[in-house]
Protein chains: 2
Amino acid sequence: MSHKPLAPETLRVVAQRFKILSEPARLEVLNMLRKGPLNVSELIEATGLNQANLSKHLQILHAGGFVMRRRDGLFVIYEVADHSVFTLCDLMCGQLKRHATAQVKQLRMVR
Amino acid sequence: MSHKPLAPETLRVVAQRFKILSEPARLEVLNMLRKGPLNVSELIEATGLNQANLSKHLQILHAGGFVMRRRDGLFVIYEVADHSVFTLCDLMCGQLKRHATAQVKQLRMVR
DNA sequence: TCTCTATATAACTACATAGAAATATGAAAT
DNA sequence: ATTTCATATTTCTATGTAGTTATATAGAGA
């Protein structure tokens with residue numbers, strides 16, 4: 001009756017990737033990069049995050065392979081590595097809407 | 001040049017949903033429920049989680065609308081509410097594989 | 001070389017949460 | 001009513017990490 005157990009290691013690495021997307025700041029960074037590459041200074045302006053904090057988030061996104069980077073003189077330019085991340089976000093939004101709708105219906109039944 | 005800013009509230013709730021999926025234990029619970037509904041006792045056995053801990057994870061999954069529950073006598077039966085969560089996981093796995101492959105290629109270039 | 005600018009890292013604090021143990025709730029059965 | 005079983009909740013501890021400040025690195029130019 002039980003389902004084939006996924007390797008604990010698999011569960012860990014997948015969960016870890018979800019964790020990277022579980023910060024509003026990082027989602028905003030990805031969203032800002034949706035239209036195209038930006039350097040760190042532009043991202044500071046676009047997101048309002050302070051330099052050190054943004055840099056940390058960028059390292060995390062980069063380590064997870066969500067963004068690529070290249071140096072251009074003094075600047076470092078970041079860009080989305082895998083646009084399927086936006087598919088993920090859209091799916092998540094869809095679930096969110098369905099869940100919210102279900103909750104509203106539930107409330108209506110109570111009244 | 002900057003992208004349309006998403007409402008901070010939107011970013012927060014989407015990030016919060018990703019956070020729910022960012023725990024190996026919760027992913028395992030969902031995976032165990034993939035084939036069909038199970039009660040808590042069966043889930044304890046299937047996952048190896050202790051009762052209190054599993055119960056907490058189930059509350060979190062339920063609050064997020066990932067699972068539904070119903071009582072059956074002494075038992076409480078949980079079931080996946082929205083199977084699109086598995087689409088999310090599959091997408092994440094795909095990204096993971098591409099990222100891993102890219103890293104291997106990168107290593108080859110260094111040698 | 002020294003200096004300036006852009007970005008990264010270290011060190012720290014504050015807060016969130018996973019896990020475990022103890023206790024509470026709730027439904028059935030005697 | 002009380003006992004028993006299944007599940008939920010509370011309380012506590014330990015760990016992880018976001019944000020901030022201060023400092024380090026790296027490249028460009030004088």
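D:dA8 atom P lies 12 Å from atom CZ of B:F75, rounded to whole Å. When the P atom of D:dA14 is taken as reference, atom CG of B:N53 falls 17 Å away, rounded to whole Å. Nucleotide D:dA8 holds its P atom 10 Å from the CG atom of B:L43, rounded to whole Å. Between B:E45 atom CD and D:dT7 atom P there is a gap of 12 Å when expressed in whole angstrom units. In this structure, the CG atom of B:N39 is 10 Å from the P atom of D:dA8, given to the nearest Å. In this structure, the CG atom of B:L54 is 14 Å from the P atom of D:dA6, given to the nearest Å.
Rounded to the nearest 0.5 angstrom, A:T47 OG1 and A:L27 CG are separated by 12.5 Å.
Shortest non-hydrogen contact noted between A:R71 and A:L74 is NH1-O, 3.5 Å. Annotation for B:G64 and B:I20: closest pair CA-CD1, 3.9 Å, computed over non-hydrogen atoms. Across every non-hydrogen atom of A:L61 and A:V29, the tightest pair is CD1-CG1, 3.8 Å. The minimum heavy-atom distance between A:V67 and A:H62, with the atom names listed, is O-CD2, 3.2 Å. Pairing each heavy atom of A:Y78 with each of A:L58, the nearest pair is CE1-CD1, 3.6 Å.
Distances shown here put a side-chain N or O of B:R69 below 4.0 Å from the OP1 or OP2 atom of D:dA8. For C:dA20, one of the phosphate oxygens OP1 or OP2 lies less than 4.0 angstrom from a side-chain nitrogen or oxygen of B:N50. Regarding contacts with the backbone of C:dA6, every side-chain N or O of A:Y78 stays at 4.0 angstrom or more from both OP1 and OP2.
In the interface, the side chain of B:Q51 is not paired with the base of D:dA6 through any donor and acceptor atom under 3.5 Å apart.
Between the side chain of B:S55 and the backbone N or O of B:A52, no donor-acceptor pair lies under 3.5 Å. In this structure a side-chain-to-backbone donor-acceptor pair under 3.5 Å is missing from A:D72 to A:F75.
Place B:V40 and A:A52 on DNA chain D by their nearest nucleotides, and B:V40 ends up nearer the 5' end.
The stretch residues 9-28 of chain A has no heavy atom under 4.0 angstrom from DNA chain C at all. Taking a 4.0 Å limit (strictly below) on heavy-atom distances, residues 56-65 of chain A reaches DNA chain C at A:Q59.
With hydrophobic clusters built from ILVMFWY side chains whose heavy atoms lie under 4.5 angstrom apart, A:I77 does not share a cluster with A:M32.
Under a cut-off of 6.0 angstrom, the local environment of CD in A:E79 is crowded, with over 12 non-hydrogen atoms contributed by other residues, nucleotides or ligands. Atom CD of A:Q59 sits in a crowded spot, with more than 12 heavy atoms from other residues, nucleotides or ligands closer than 6.0 Å.
Across all strands, B:S41 comes closer than 4.0 Å only to sugar-phosphate atoms, never to a base (heavy-atom distances).
Under the 3.5 Å distance criterion, with hydrogens and angles disregarded, a donor-acceptor pair is assigned to the side chains of A:Q95 and B:S84.
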So which protein nitrogen or oxygen atoms get under 3.5 Å of nucleotides 27-30 of chain D's nitrogens or oxygens?
none

